[in-house]
Asks: 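I have a structure here, written as structure tokens, and I will follow up with some questions on it.
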Amino acid sequence: MFQKVLIANRGEIALRILRACKELGIQTVAVHSTADANAMHVRLADESVCIGPNAAKDSYLNIPAIMAACEITGADAVHPGYGFLSENARFAKILTEHNVTFIGPSAHHIEIMGDKITAKKTAVELGIPVVPGSAGAVETEQQAIKTAKEIGYPVLIKATAGGGGRGMKVAKTESELLVAWSTARTEAKAAFGNDSVYMEKYLGKPRHIEVQVMGDGQGNAVHLGVRDCSLQRRHQKVWEEAGGPTILPEERDEIGEICAAAMRKLKYSGAGTVEFLYENGEFYFIEMNTRLQVEHPVTERITGIDIVYEQIRVASGEKLSMTQDQVQFYGHAIEVRINAEDPQTFAPSPGTITFYHPAGGVGVRVDSAVYQGYKIPPYYDSLIGKLIVYGRNREECLQRLRRAVDEFVIDGIKTTLPLFQRLMKEPDILAGNYDIHWLEKYLAENK
Ligand code: ADP
């Protein structure tokens, strides 16, 4: 096992990783920007190193500074968390070259899944169902027309280098196709410096369903069930659920086993998430994230498995601590993301927290790094905490969530907590009846 882990992240996830290290008896090193000198992860770590000024590109993305921090402290492994350098293959390579373990998959697996076309090709080779579409880039008008005919309208044109849902265009008919195709190329060129696009069947009312996988790089892999993350705003997840009635246990086991088998074939190491759109009982692969995900606690809650603990174990060379039949699912869990944002306009709301009282009681978990008197800096993303609630079934979970949201007090800044109070009055939310467009539509109609 590792002696000392450097946590290359900040906020709630840095604290989450630090807690797992403490439980495993591993020394911790926090790295931080100047703005984060008083952050909770810095206060609780055994050692800390300032790695640069406020801007993330000069600190949390500064590979030489992080390498120097490893050297100075003698850390033998780095946990990247999510965001920042977590899916940076070059960072994983450099660490390995310096005999520091990257707690995550191989640089090769990060690279394959980081490119949309190779990711989709790999998914097909591994037997994962994908959205019907072009085999690769669509380069001519004739090819665009032919491909659209084959897959059927409406079609979606997507930038190969795309990210965050940018550079996508829908065409409902052949007359819309050529304009959509050339606009998508122009926009892709402007946004990503690369005008390569590909095509997919456009799904009208899908849900976002993702499978949590874990592998040990030795050919063992399991799935930990699915999460429904359909409630999104601007492609950012807002509310995530695990367990419960949306996906039947048989469907969960079937798609889960397909993903676990794929990870066994790849000899994948660490945690990963295979993301799908789900419509009319069918799953369609959209991408794979080769890292720990923000919403991992809902899966931990319904399986009792500590995903960060497993990541650290397998990175140190141990086998997975469980087999698929030892993975059991209990009840239902919901996570809501507490952002320092105006709950109506979603404008960022940094500043000082003048009063802080987190929710507690039965079935409640709060992952956050803020405290009373903490000043939220304006330089990073606005997620300040996650409220995770458990119930034996979805109804009980919702009752508890309502109670916990009412109990939570954060004064001095605006947060998204009032949005959740509103959502829990909506019949569609109570019934679990929503797709990936539901929240945007609701927000547009209820200003
Ligand atoms: P990005 O990397 O830009 O986020 P994704 O492929 O993950 O691109 O797609 C982003 C979002 O666009 C998805 O979460 C989904 O909401 C929507 N989307 C992607 N592909 C399709 C499709 N074939 N049909 C309908 N919606 C889609």
Side-chain angles (χ1 to χ4, degrees), residues 82-83 86-88 110-124 128-138 144 147-148 150-172 176-177 180-181 184-185 187-211 226-241 272-291 293-295 337 381 434-444:
Y82 52 67
S86 60
E87 289 176 292
N88 185 312
I110 298 174
E111 246 159 24
I112 299 180
M113 294 302 171
D115 174 278
K116 286 177 166 292
I117 290 181
T118 55
K120 206 170 164 183
K121 271 199 187 125
T122 309
V124 172
I128 296 174
V130 301
V131 192
S134 58
V138 175
T147 311
E150 279 163 16
I151 57 188
Y153 290 93
V155 295
L156 184 65
I157 300 147
K158 298 169 90 169
T160 308
R166 286 185 303 161
M168 299 198 296
K169 286 272 168 285
V170 184
K172 290 190 221 65
E176 287 178 13
L177 179 68
W181 178 74
R185 283 172 63 103
E187 284 186 15
K189 177 88 190 164
F192 313 108
N194 176 350
D195 68 357
S196 166
V197 297
Y198 64 108
M199 274 163 70
E200 273 180 1
K201 178 157 191 61
Y202 177 73
L203 304 167
K205 293 181 186 314
R207 295 180 79 115
H208 173 112
I209 305 288
E210 56 186 35
V211 178
V226 297
R227 295 185 285 259
D228 185 323
C229 314
S230 302
L231 284 178
Q232 302 184 2
R233 180 182 168 273
R234 305 224 168 131
H235 301 297
Q236 295 294 314
K237 296 163 187 164
V238 168
W239 163 310
E240 299 107 339
E241 307 198 23
T273 299
V274 189
E275 297 195 336
F276 294 93
L277 294 176
Y278 174 83
E279 193 173 74
N280 299 327
E282 302 284 341
F283 289 91
Y284 303 97
F285 171 86
I286 46 173
E287 67 174 343
M288 175 167 180
N289 295 320
T290 51
R291 55 166 165 81
Q293 209 121 334
V294 176
E295 58 273 23
R337 295 193 189 189
D381 83 22
Y434 53 81
D435 61 28
I436 59 169
H437 304 297
W438 189 94
L439 184 60
E440 293 267 6
K441 222 156 91 202
Y442 169 81
L443 292 170

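Quantities reported herein were computed from a predicted structural model and do not represent experimental measurements. We count ligands from 1, going down the list as the structure has it; atoms in each ligand are counted the same way.
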Asks: Between atom CD of Glu176 and atom CD1 of Ile157, what is the distance when rounded to the nearest 0.5 Å?
Replies: 9.5 Å

Asks: Quick one: nearest non-hydrogen protein atom to atom 22 (C) of ligand 1, plus distance?
Replies: Leu156 CD2, 3.5 Å

Asks: Out of Met168, Lys237, Glu287, whose heavy atom is nearest to atom 10 (C) of ligand 1?
Replies: Met168

Asks: How far is atom 4 (O) of ligand 1 from its nearest protein heavy atom, and which residue and atom is that?
Replies: Gly165 N, 3.1 Å

Asks: For ligand 1, indicate whether the residue Lys201 contacts it via side chain, backbone, both or neither (heavy-atom separation under 4.0 Å).
Replies: backbone

Asks: Considering only NZ, NE, NH1 and NH2 on the basic side and carboxylate oxygens on the acidic side, decide whether Asp195 and Lys189 come within less than 4.0 Å.
Replies: no

Asks: Any heavy-atom pair between the side chains of Phe285 and Phe276 that's under 4.5 Å?
Replies: yes

Asks: Considering non-hydrogen atoms of the protein only, which is the closest contact for atom 13 (C) of ligand 1, and what is the distance?
Replies: Ile286 CD1, 4.0 Å

Asks: N/O of His208 under 3.5 Å from N/O of ligand 1, yes or no?
Replies: no

Asks: Using a strict threshold of under 4.0 Å (side-chain N to carboxylate O), is an ion pair present between Arg207 and Glu241?
Replies: no

Asks: Using distance alone, decide if ligand 1 has a nitrogen or oxygen within less than 3.5 Å of any nitrogen or oxygen in Lys116.
Replies: yes

Asks: Within the 4.5 Å heavy-atom criterion, are Leu177 and Met199 side-chain neighbours or not?
Replies: yes

Asks: Does ligand 1 have a heavy atom under 4.0 Å from the side chain of Ile436, from its backbone, from both, or from neither?
Replies: side chain

Asks: Nearest to atom 24 (N) of ligand 1, what protein heavy atom do you find, and at what distance?
Replies: Leu203 N, 2.9 Å

Asks: For atom 27 (C) of ligand 1, what is the closest protein heavy atom, and at what distance to 0.1 Å?
Replies: Leu277 CD1, 3.5 Å

Asks: What residue and heavy atom of the protein are closest to atom 6 (O) of ligand 1, and at what distance?
Replies: Lys158 NZ, 3.0 Å

Asks: With distance as the sole criterion, is a donor-acceptor pair present between the side chains of Gln293 and Glu275 under 3.5 Å?
Replies: yes

Asks: Salt-bridged, Glu87 to Arg291, with N to O below 4.0 Å?
Replies: yes

Asks: So, taking the atom named CE in Met288 and the one named OG1 in Thr122, what distance separates them when rounded to the nearest 0.5 Å?
Replies: 10.5 Å

